[in-house]
Participant: 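Okay, handing you the structure first.
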Amino acid sequence: MIMGANIGTTVTNTIVSLGQSLDRKQFKRAFAGATVHDCFNWLCVAIFLPLEALLHPLELMSHAVVAGISDDDQVSNLDFLKVITKPFTKKIISIDKNTIKGIAKYCTAGEYFNGTLCGEARNATMMKSCDDSTTTDVIERCEYIFDQWGLNDTTTGLILLVLSLLMLCTCLTILVKTLQSLLIGRMAQTLKKHINSDLPRPFGWLTGYVFIMVGTGMTILVQSSSVFTSAITPLVGMGVISLDRMYPLTLGSNIGTTATAMLAALAATGDKRSVTIQVAVSHLFFNILGIAVFYPVPFMRKLPIEEPRGSATLSLNTGGLLSRTCC
């Protein structure tokens with residue numbers, strides 16, 4: 001699932017690249033920049049999935065790291081973006097986490113499995129209800145919009161899915177247009193000169209590793225590799241960032257995106273806390289080992305870059321036709 005999540009997170013910046021499909025040159029560069037992330041993740045999965053199935057290296061390494069962690073230790077959850085987004089999302093939908101925990105606890109094979117409680121949890125609504133007489137927090141439970149509409153879980157989920165996709169596409173389009181309007185003329189040339197230049201000799205070989213750290217730091221700040229790579233994909237399309245510089249930034253974002261899961265795992269409570277941390281550590285090791293395999297060796301470094309260049313050329317007509325059809 002972790003490996004699949006790494007592949008799935010690359011879809012967003014590929015969608016962003018389609019926003020530049022009306023300009024053939026920009027689309028070729030943008031699509032190549034977006035596909036770097038895909039190719040790297042697919043290559044990592046092709047190597048580590050069979051290895052994990054046969055030898056379990058990620059499982060053994062992560063188990064060794066969390067072996068000394070107690071389930072009783074607790075760390076506060078540092079979620080930067082939730083402070084901004086939660087007041088808004090709570091006005092739209094509020095999820096009953098106890099229902100989700102009940103399904104995870106009683107419907108999973110093991111010591112806590114209980115058919116009766118599992119059935120009750122599955123039949124219960126996922127949304128907090130005003131009719132819950134077991135709590136005094138009635139005002140908070142009745143504030144969100146979908147509770148007032150009285151829709152069931154399936155209908156509510158479909159409506160939210162459609163609205164989320166529309167908002168995502170709208171925001172990505174605004175992002176591309178804003179960057180195109182801001183980064184023109186002398187500003188674009190200055191940014192291009194400094195980002196694509198290497199460190200002074202004899203430290204030029206460290207340039208890529210510095211940008212890996214930059215990508216890691218930026219992704220930790222925004223807590224999403226999709227947001228970071230989607231922001232720099234239009235810059236690749238405009239020629240401000242080269243494909244060779246996009247590559248290490250993407251690798252850094254793969255490491256940075258594990259920080260969110262790590263923080264959530266450290267803040268977890270209960271007897272499964274160490275297992276939760278082990279999953280987060282496995283994700284981190286998977287991305288680090290992928291970089292260790294493909295980036296330090298020069299000929300291996302070229303593999304995730306050369307394939308996107310060819311894919312971008314082949315996708316020009318398809319992408320242009322798709323963009324014109326959607327518009």
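Nothing fancy with the numbering, it's 1 onward along the sequence.
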Participant: Do the non-hydrogen side-chain atoms of Ile255 and Leu284 ever get within less than 4.5 Å of each other?
Facilitator: yes
Participant: Can you tell me how the ring of Tyr209 sits relative to the ring of Trp205, calling it parallel under 30°, perpendicular over 60° and tilted otherwise?
Facilitator: perpendicular
Participant: Roughly how far, to the nearest 0.5 Å, is the CG atom of Leu289 from the CE atom of Met61?
Facilitator: 5.0 Å
Participant: May I ask you to test the Phe48-Pro57 pair for a side-chain heavy-atom distance under 4.5 Å?
Facilitator: no
Participant: Between Thr9 and Ala5 (side chain of the first, backbone of the second, donor and acceptor by atom type, cut-off under 3.5 Å), is there such a pair?
Facilitator: no
Participant: Same cluster for Tyr295 and Phe203 if Ile/Leu/Val/Met/Phe/Trp/Tyr side chains link at under 4.5 Å?
Facilitator: yes
Participant: Kindly compute the distance separating CG (Asn287) from OG1 (Thr216), expressed to the nearest 0.5 Å.
Facilitator: 9.5 Å
Participant: Measure across Thr12 and Ser230 and return the closest heavy-atom pair with its distance rounded to 0.1 Å.
Facilitator: CG2-OG, 3.3 Å
Participant: If Ile, Leu, Val, Met, Phe, Trp and Tyr residues are connected whenever their side-chain heavy atoms lie under 4.5 Å apart, and connections chain through other members, are Phe40 and Val297 in the same group?
Facilitator: yes
Participant: For the CD1 atom of Ile277 and the OG atom of Ser282, what is their distance to the nearest 0.5 Å?
Facilitator: 11.5 Å
Participant: Measuring from atom CG of Leu43 to atom CG of Leu303, what distance do you get when rounded to the nearest 0.5 angstrom?
Facilitator: 6.5 Å
Participant: Ignoring hydrogens and geometry, is there a side-chain-to-backbone donor-acceptor pair from Asn196 to Val240 under 3.5 Å?
Facilitator: yes
Participant: Between Val281 and His63, is any pair of side-chain heavy atoms under 4.5 Å apart?
Facilitator: no
Participant: So among Thr10, Asn13, Thr257, which one has a side-chain contact (heavy atoms from CB on, under 4.5 Å) with Thr229?
Facilitator: Asn13
Participant: Would Leu18 and Phe27 count as a side chain to side chain contact (heavy atoms under 4.5 Å, CB included) here? Give the steps.
Facilitator: CA-CA 7 Å; Leu18 295 177; Phe27 176 62; 3.8 Å; yes
Participant: If you take all heavy atoms of Leu58 and Ser62, which pair is closest and at what distance?
Facilitator: O-OG, 2.8 Å
Participant: What pair of heavy atoms forms the shortest contact from Pro248 to Gly208, and how long is it?
Facilitator: CB-O, 3.3 Å
Participant: Do any N or O atoms from the side chain of Thr207 and from the backbone of Leu199 form a donor-acceptor pair under 3.5 angstrom?
Facilitator: yes
Participant: Treating Ile, Leu, Val, Met, Phe, Trp and Tyr as nodes and any side-chain heavy-atom pair under 4.5 angstrom as an edge, say whether Phe294 and Ile2 lie in one connected cluster.
Facilitator: no
Participant: Could you go through Phe286 and Val45, starting from their C-alpha distance and side-chain angles, then the distance that decides it, and tell me whether this counts as side chain to side chain contact (heavy atoms under 4.5 Å, CB included)?
Facilitator: CA-CA 9 Å; Phe286 171 68; Val45 170; 4.0 Å; yes
Participant: Residues two or more places apart in sequence or in another chain: which of them pass side-chain contact (heavy atoms from CB on, under 4.5 Å) with Leu165?
Facilitator: Leu161
Participant: Under 3.5 Å, side chain of Glu59 to main-chain N/O of Glu52, donor-acceptor pair present?
Facilitator: no
Participant: Distance from His37 atom NE2 to Ile7 atom CD1, nearest 0.5 Å?
Facilitator: 10.5 Å
Participant: Name all residues meeting the side-chain contact (heavy atoms from CB on, under 4.5 Å) criterion together with Thr170; count only those two or more places apart in sequence or in a different chain, and write none if there are none.
Facilitator: Ile174
Participant: Let me confirm one number: the CG-SG distance from Asn114 to Cys107, rounded to the nearest 0.5 Å.
Facilitator: 9.0 Å
Participant: Compare every heavy atom of Thr233 with every heavy atom of Ala30, then report the nearest pair and how far apart it is.
Facilitator: O-CG2, 3.6 Å
Participant: Taking the six-membered ring of Phe211 (Phe, Tyr or Trp), confirm whether the NZ or CZ of Arg245 is under 6.0 Å from its centre and within 45° of its axis.
Facilitator: yes
Participant: Determine, using the 4.5 Å side-chain heavy-atom cutoff (strictly less than), whether Val293 and Leu54 are members of one ILVMFWY cluster.
Facilitator: yes
Participant: Check Thr219 against Gly256 and note the closest heavy-atom contact, atom names and distance.
Facilitator: CG2-C, 3.7 Å
Participant: Whether the side chain of Asn41 engages the backbone of Asn6 through a donor-acceptor N/O pair (distance < 3.5 Å, no angle test) should be reported.
Facilitator: yes
Participant: Got a salt bridge between Asp23 and Lys28, using NZ or NE/NH1/NH2 to carboxylate O under 4.0 Å?
Facilitator: no
Participant: Is Val279 linked to Ile288 within one hydrophobic cluster, defined over Ile, Leu, Val, Met, Phe, Trp and Tyr using a side-chain heavy-atom separation of less than 4.5 Å?
Facilitator: no
